[in-house]
Amino acid sequence: MLYICYCIVQKYRGERRDETVKNKLSSPPAKMIHSLFLINASGDIFLEKHWKSVVSRSVCDYFFEAQERATEPENVPPVIPTPHHYLISVLRHRIYFVAVIQSEVPPLFVIEFLHRVVDTFQDYFGVCTEAAIKDNVVVVYELLEEMLDNGFPLATESNILKELIKPPTILRTMVNTITGSTNVGEQLPTGQLSVVPWRRTGVKYTNNEAYFDVVEEIDAIIDKSGSTITAEIQGVIDACVKLTGMPDLTLSFMNPRLLDDVSFHPCVRFKRWEAERILSFIPPDGNFRLLSYHVSSQNLVAIPVYIKHNITFREGSSQGRFDLTLGPKQTMGKAVEAVLVSSQLPRGVLNANLNPSQGTYTFDPVTKMLSWDVGKINPQKLPSLKGTMSLQAGASKPDENPTINIQLKIQQMAISGLKVNRLDMYGEKYKPFKGIKYMTKAGKFQVRT
Amino acid sequence: MMICPYSETEVNQGRRQKAITAPTTPVTENRQFGSKMTDSKYFTTTKKGEIFELKAELNSDKKEKKKEAVKKVIASMTVGKDVSALFPDVVNCMQTDNLELKKLVYLYLMNYAKSQPDMAIMAVNTFVKDCEDPNPLIRALAVRTMGCIRVDKITEYLCEPLRKCLKDEDPYVRKTAAVCVAKLHDINAQLVEDQGFLDTLKDLISDSNPMVVANAVAALSEIAESHPNSNLLDLNPQTINKLLTALNECTEWGQIFILDCLANYTPRDDRESQSICERVTPRLSHANSAVVLSAVKVLMKFMEMLPKDLDYYGTLLKKLAPPLVTLLSAEPELQYVALRNINLIVQRRPEILKHEMKVFFVKYNDPIYVKLEKLDIMIRLASQANIAQVLAELKEYATEVDVDFVRKAVRAIGRCAIKVEQSAERCVSTLLDLIQTKVNYVVQEAIVVIKDIFRKYPNKYESVIATLCENLDSLDEPEARAAMIWIVGEYAERIDNADELLESFLEGFHDESTQVQLQLLTAIVKLFLKKPTETQELVQQVLSLATQDSDNPDLRDRGYIYWRLLSTDPVAAKEVVLAEKPLISEETDLIEPTLLEELICHIGTLASVYHKPPSAFVEGSRGVQHKRLPGSAGSGESVESPDTGSAAGVSEAPPAVIPSQGDLLGDLLNLDLTPPTTTGPPPPPASSGMQMGAMDLLGGGLDSLLGGDLGGGPAMGTGFGAPPAAMPASFNVPVSGGLDDLFDLAGGVGMPMGAFNPPKTVWLPAMKAKGLEISGTFVRRAGVIQMEMTLTNKAMSVMTDFAIQFNRNSFGLAPAGPLQVLTPLSPNQSIEAALPLSTVGPVMKMEPLNNLQVAVKNNIDVFYFSCQYPISMLFAEDGKMERQVFLATWKDIPNDNESQFQIKDCHLNSDAASNKLQGSNIFTIAKRTVEGQDMLYQSMKLTNGIWVLAELRVQAGNPNYTISLKCRAPEVSQCVFQNYEMVLKN
């Protein structure tokens with residue numbers, strides 16, 4: 001009876017591979033994440049990890065099919081159904097992390113976990129590349145085993161993991177080689193079960209310091225005429241806390257009402273925030289993201305630069321005009337730095353012959369990507385990029401309008417106006433060094449033409 | 001200040017090069033030092049004697065060398081090389097006090113134990129010993145690894161250590177052990193129950209450590225999924241309270257498990273509901289998006305119970321918007337899942353996000369899958385207040401590069417026009433602007449949506465027709481051509497040269513796709529009815545093209561119908577063809593309310609991403625319970641729609657004739673005749689139209705049913721032949737009479753009504769079998785398949801010792817017992833034998849599929865013959881699909897798998913046919929009447945679990961039925977069709 005199912009099913013699916021038969025027969029439905037495959041940009045599987053029975057890597061063929069269909073690497077759909085599995089993938093650092101699941105699992109759970117895996121690799125190896133992963137394959141394997149048990153996440157906090165498996169450093173590998181000691185911790189991580197699982201006990205520093213970075217990114221769409229269609233701020237407060245013992249910190253803001261849509265690190269006491277609008281927490285040791293927030297009401301979002309553009313093509317002419325000028329808008333007197341303008345020009349454009357008033361520009365005739373590294377904007381002498389674009393002879397006027405993408409940085413300012421009022425420490429006797437820094441960046445900042 | 005401390009990778013690059021270039025030299029202590037920096041050296045040994053070399057190293061005395069060797073083995077494993085041959089050597093390394101080495105060996109064991117079960121036993125002792133280790137880390141590691149080894153022999157030894165670990169003093173061990181119970185259950189469920197682990201697990205829900213609670217919940221949820229009816233997670237207010245307490249303190253992943261578990265609970269009243277909501281709300285501010293979405297699920301569900309006039313209800317609604325918006329600033333993969341779920345939330349509670357339109361505006365570098373989803377939600381949120389903004393955006397999108405996206409954007413403009421009446425004019429002018437761009441696919445897409453706008457607002461925007469006609473030549477897609485032709489036909493009286501336009505299409509008639517051909521036929525007939533004088537020639541031309549030169553059945557049918565209509569009664573033709581069309585609905589792709597309710601209960605799951613009920617697509621989700629939103633306690637409106645009610649009725653009805661007829665009646669009244677009502681049961685039939693419908697249904701259905709069952713041809717004729725109009729006076733008589741008869745029959749015969757069993761045919765002629773003649777047939781009675789045979793001895797001597805055997809066949813039919821022919825068969829004697837069959841025999845695909853090769857033995861010889869069984873023998877009694885599952889499955893099966901057949905000369909009306917088919921376990925799920933055609937949607941299930949879905953089109957007065965079959969295994973379609981024909985004609 002099974003057999004007929006198979007011959008029919010197989011026929012119906014064309015040349016479907018042995019993977020289907022094998023799994024259907026052997027493994028009972030498994031929960032959560034079954035397997036993980038890492039696939040590089042050229043489509044090679046360079047690492048596989050199975051938490052339950054082994055799933056043949058031929059299951060990735062479905063992924064490759066989807067990859068082929070996608071025009072750009074980032075267009076591969078994140079959830080791909082196959083006859084017996086679901087493939088959930090994330091693309092980071094040009095590596096696809098493909099999780100195989102076999103039954104109903106919340107996809108966000110899987111995606112969040114995969115991102116956590118990537119973050120952990122980056123944390124451990126500094127970069128998350130194929131080379132780095134291969135260089136540390138045993139640590140990678142140990143990590144994956146420690147992060148997931150039977151498909152259930154086990155330890156994903158960087159603090160705990162680092163106590164279980166020490167990150168590789170040149171010194172440690174050499175010491176290990178000579179002494180034969182290991183980079184696996186012998187002790188049960190202290191944070192694992194305490195009420196503050198994110199912090200280990202017995203932390204000691206000679207210099208006690210706590211730094212906070214308020215970083216805001218502006219996401220905006222500006223239309224042709226220069227008016228704002230949408231604008232919002234994605235803000236984060238990243239912290240680097242190196243304090244001895246079990247410090248209890250409170251952070252208050254001058255204008256906490258800005259923060260009405262916030263996601264906290266688990267260490268933040270939510271009740272206190274609800275009642276007093278004060279962040280009260282026992283910080284993890286080292287680097288962590290204290291909170292992220294979202295400012296969506298448009299009148300609070302200042303647009304730091306304006307752009308004057310004139311990109312035109314004439315019917316019947318093989319030339320197009322290109323004219324861009326940038327200028328500062330609402331910057332509260334701060335300098336706009338590290339400005340980078342990029343734009344995907346229409347497919348018909350063969351080349352661009354432009355003249356920047358400052359900085360350098362490049363045009364890639366294959367991808368049609370124009371990018372102009374402007375640098376700092378001088379309000380007295382506005383940067384501009386002018387010249388002509390040559391089109392294919394005889395081709396009709398391109399019908400798509402290029403969108404201009406802007407990156408920029410403004411130091412010493414949070415564009416929403418968010419300001420930290422004070423930072424206090426309780427629970428420990430020493431006096432820590434405290435620092436706070438503000439920065440504004442452009443996130444997805446797009447100008448339509 | 002955020003400098004990352006690891007910069008040695010660059011340094012490593014150089015070293016690695018060295019390692020790669022020097023792999024073949026035997027690794028000495030000195031060299032090893034240089035290449036030791038990275039693990040990539042493990043990838044470099046690819047030469048032949050690798051396994052042997054590793055074996056030697058594994059058995060080395062030096063600890064360090066051993067560890068290195070195990071690392072190499074693990075590295076080979078990660079890239080998919082087979083290193084199982086090293087099993088005994090690796091296991092030997094297990095007894096060590098070096099934790100890293102131990103972990104590595106465990107990793108290896110988990111991978112290969114299954115293929116070397118006997119060897120794996122060697123490891124058991126070490127495991128058991130490690131479970132007693134003073135270091136909790138090792139205890140936990142041992143019990144964790146043991147649970148991952150899927151070897152029966154090992155699981156036996158696992159029980160005792162597991163029991164201890166579940167009660168371990170260290171919570172780390174307890175929480176690991178809790179997960180291990182789930183693993184063990186996966187391997188051997190019976191064992192877990194017998195050993196009482198489930199109770200221990202339930203006790204752990206009250207554990208003092210929140211992590212243990214979370215893991216116990218996760219394990220129990222996993223186990224409960226494979227035991228849908230067990231009461232494992234007995235949720236009562238006390239446990240809920242414990243879970244809510246643990247929720248605040250456990251890790252993010254634990255919070256997800258607990259929230260998902262909470263979502264299954266149904267609060268007793270609105271007060272409890274509110275207090276749970278209050279305690280769950282803080283989770284909306286969690287940094288982990290999966291926690292947020294699970295919290296949203298709980299809130300969306302429990303909100304149903306809150307009275308709408310409660311202040312808290314409004315507060316909660318306000319609190320839901322920001323986290324949902326925040327999800328959209330995360331990575332694109334997260335955005336995608338969030339958007340799919342927001343799509344559901346917006347349909348259920350549009351008020352939550354009605355002010356957040358702008359966050360769904362598309363950024364040009366969003367991945368395409370995010371763009372398309374955002375677009376969909378934009379249309380759902382479009383309202384009079386924001387339509388100007390939306391339209392401006394959509395127009396912008398229509399000039400993007402990606403063709404799919406542009407098309408969808410253009411379509412979206414049309415949907416806006418239909419949804420927001422006030423905007424229709426602006427939408428139309430936007431579409432006209434787009435048509436002026438002359439971009440080919442934009443123009444075509446625009447014409448398709450303008451057709452819909454014309455349907456929605458007839459006689460309003462006809463002024464644009466001239467512009468549309470200008471683009472006639474550029475249309476090369478069937479849908480656009482068909483739309484344009486429809487417009488020309490519909491407004492033929494206002495287009496001066498309509499005949500010329502249509503004539504130009506007619507030239508290449510046979511090269512057009514069916515869609516265009518059908519549309520062209522209809523349009524020309526419309527034109528003829530509007531301007532009969534000039535277009536007679538044209539209409540004749542198209543009718544002859546459609547009926548004589550085409551081999552498409554739909555086209556021929558429609559052609560003949562028009563022809564007949566036009567030639568017999570042009571006035572009637574006008575009424576039929578130019579009849580007023582029902583207005584098209586506002587939103588075409590809304591999810592059906594029952595499905596939506598179920599999906600809201602599954603927010604955050606795969607089901608919510610695919611917008612399908614979990615039962616429809618997740619393999620191995622055995623016995624999924626359908627989740628429903630709880631009803632409102634307060635003054636809120638009723639959640640159940642009338643449609644739901646009748647659907648539920650259908651699914652509960654046993655597969656007997658009378659209740660199902662009631663259902664059909666209900667369906668008919670509900671779906672076709674009464675406008676949808678929001679409350680209460682469907683009103684009793686009141687109008688004469690309804691009575692007609694009901695009467696016809698019962699009268700015709702019963703007549704033909706009885707006729708068919710009694711095997712009488714004439715009865716069938718009257719059943720159909722009696723025109724409905726002649727019967728209203730005697731409305732009550734035939735129905736009650738019919739019902740009485742039916743009861744009598746059912747009582748008397750005691751088998752399902754109408755099950756058609758073919759008459760016996762001669763399978764084995766006496767000539768071929770030394771005097772033994774076998775004739776037989778197949779019947780299905782109460783779920784049992786029987787082969788009924790008449791054995792006749794036409795030889796001169798007595799026959800004894802009968803036995804029967806089947807060859808392997810497509811559906812695994814096999815005798816369920818021996819052939820019962822007890823007495824010897826004398827010459828010229830006949831004997832009846834009934835052989836029960838099972839469907840668990842060996843399987844081999846036969847040609848044709850329903851072919852059965854039989855061998856019969858007696859004292860004289862062995863004889864072989866083959867016969868074909870009607871495939872309805874294999875239709876299971878539980879072949880009635882739920883309506884929504886049917887819909888989803890129908891969509892899910894690719895169109896390539898659809899086959900269409902014609903059943904000719906069948907004089908039953910649709911209800912009679914439906915009843916007849918039900919006797920053969922072909923179940924009618926829904927009936928729809930479209931343009932005088934009855935569409936019956938039917939399902940059947942083969943004994944091997946293959947579902948076949950059918951759409952039977954019956955047109956009153958036309959003896960030819962059209963049947964479309966969809967099945968994942970299209971091979972069976974032919975057989976099923978033959979079976980339909982057989983059942984319907986007998």
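Note: hydrogens, waters and symmetry copies are ignored here, and every other heavy atom, side chains too, is used. Letters A, B, ... are given to chains in the order of the sequence lines, protein chains preceding strands, and every chain is numbered from 1.
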### Message
For B/Phe257 and A/Phe152, take the angle between the two ring planes, folded into 0 to 90°, and tell me which bin it lands in: parallel under 30, tilted 30 to 60, perpendicular over 60.
### Response
perpendicular
### Query
Taking every heavy-atom pair that is under 4.5 Å apart, which of B/Pro367, B/Gly147, B/Ser285, B/Ser294 has the most such pairs with chain A?
B/Ser285
### Task
State, to 0.1 Å, how close B/Ala75 and A/Val137 come at their nearest heavy-atom pair, and which atoms those are.
CB-CG1, 4.0 Å
### Message
At a 4.5 Å cut-off on heavy atoms, which part of B/Leu334 comes close to chain A: side chain, backbone, both, or neither?
### Response
both
### Summary
Interface check, chain A: of B/Glu400, B/Glu356, B/Glu393, B/Gln389, most non-hydrogen pairs under 4.5 Å belong to B/Glu393
## Note on the structure
Looking only at A/Glu112, A/His294, A/Glu217, most heavy-atom pairs under 4.5 Å shared with chain B are made by A/Glu112
### Query
What part of B/Ile603 is in contact with chain A, defined as an atom under 4.5 angstrom from a non-hydrogen atom: side chain, backbone, both or neither?
neither
### Query
Among A/Arg448, A/Glu72, A/Gln234, which residue forms the greatest number of heavy-atom pairs with chain B at distances under 4.5 Å?
A/Arg448
#### Entry: Taking every non-hydrogen atom, the tightest pair across A/Pro106 and B/Asp260
CG-OD2, 3.7 Å
#### Entry: By side-chain contact (heavy atoms from CB on, under 4.5 Å) - contacts of A/Asn405 (at least two apart)
A/Ser342, A/Gln446, B/Tyr364, B/Asn365
### Message
Heavy-atom cut-off 4.5 Å, strictly under: side chain, backbone, both or neither for B/Ser329 against chain A?
### Response
both
### Message
At a 4.5 Å cut-off on heavy atoms, which part of B/Val179 comes close to chain A: side chain, backbone, both, or neither?
### Response
both
### Query
B/Val362 versus chain A, heavy atoms under 4.5 Å apart: side chain, backbone, both or neither?
backbone
### Task
Over all heavy atoms of both residues, which pair between B/Tyr369 and A/Val76 is shortest? Give the atoms and the distance, please.
CE2-O, 3.2 Å
### Task
Measure across A/Pro107 and B/Gly604 and return the closest heavy-atom pair with its distance rounded to 0.1 Å.
CD-O, 3.0 Å
### Task
Return the minimal non-hydrogen interatomic distance between B/Ser289 and A/Leu108, and the atom names on each side.
O-CD1, 3.6 Å
### Query
What part of A/Phe270 lies closer than 4.5 angstrom to a heavy atom of chain B: side chain, backbone, both or neither?
side chain
### Query
What part of B/Ile368 is in contact with chain A, defined as an atom under 4.5 angstrom from a non-hydrogen atom: side chain, backbone, both or neither?
both
#### Entry: Proximal component of A/Val262, with respect to chain B [non-hydrogen, under 4.5 Å]
backbone
### Summary
Heavy-atom closest pair (A/Asp149 atom, B/Cys148 atom, distance to 0.1 Å) is OD1-SG, 4.2 Å
### Most contacts with chain B, counted as non-hydrogen pairs under 4.5 angstrom, among A/Val268, A/Thr156, A/Ile221
A/Thr156
### Query
Looking at A/Lys224, A/Arg116, A/Gln344, which makes the most heavy-atom pairs under 4.5 Å with chain B?
A/Arg116
### Task
Specify which of A/Pro78, A/Ala70, A/Pro77, A/Pro402 makes the most heavy-atom pairs with chain B at under 4.5 Å.
A/Pro78
### Message
With side-chain contact (heavy atoms from CB on, under 4.5 Å) as the criterion, how do A/Asp219 and B/Lys363 come out once you've worked through the C-alpha distance, each side chain's angles and the decisive distance to 0.1 Å?
### Response
CA-CA 9 Å; A/Asp219 286 353; B/Lys363 308 222 165 60; 4.2 Å; yes
#### Entry: Inter-residue atom distance A/Leu154.CG - B/Tyr172.OH, 0.5 Å rounding
5.0 Å
### Selection from B/Leu104, B/Leu107, B/Val292 maximising heavy-atom pairs under 4.5 Å formed with chain A
B/Leu107
### A/Glu146/B/Arg144 ion pair, N-O < 4.0 Å
yes
### Summary
Per-residue tally against chain B (heavy atom, under 4.5 Å) across A/Tyr293, A/Tyr141, A/Trp51, A/Phe113 peaks at A/Tyr141
### Query
Measuring heavy-atom distances to chain B, does A/Lys444 have an atom under 4.5 Å in its side chain, in its backbone, in both, or in neither?
both
### Query
Can you say whether the rings of A/Tyr86 and B/Tyr610 are parallel (under 30°), tilted (30 to 60°) or perpendicular (over 60°)?
tilted
### Query
Is chain A contacted by the side chain of B/Glu252, its backbone, both, or neither, given a heavy-atom distance below 4.5 Å?
side chain
### Message
Using modelled atom types and a 3.5 Å cut-off, is there a donor and acceptor pairing between side-chain atoms of B/Glu333 and backbone atoms of A/Leu91?
### Response
yes
### Query
Given that the side chain runs from C-beta out, which part of B/Pro282 has a heavy atom under 4.5 Å from chain A: side chain, backbone, both or neither?
both
### Task
In sequence, state the C-alpha distance, the side-chain angles, and the governing distance for B/Glu331 and A/His115, and then conclude on side-chain contact (heavy atoms from CB on, under 4.5 Å).
CA-CA 9 Å; B/Glu331 286 86 355; A/His115 282 299; 3.4 Å; yes
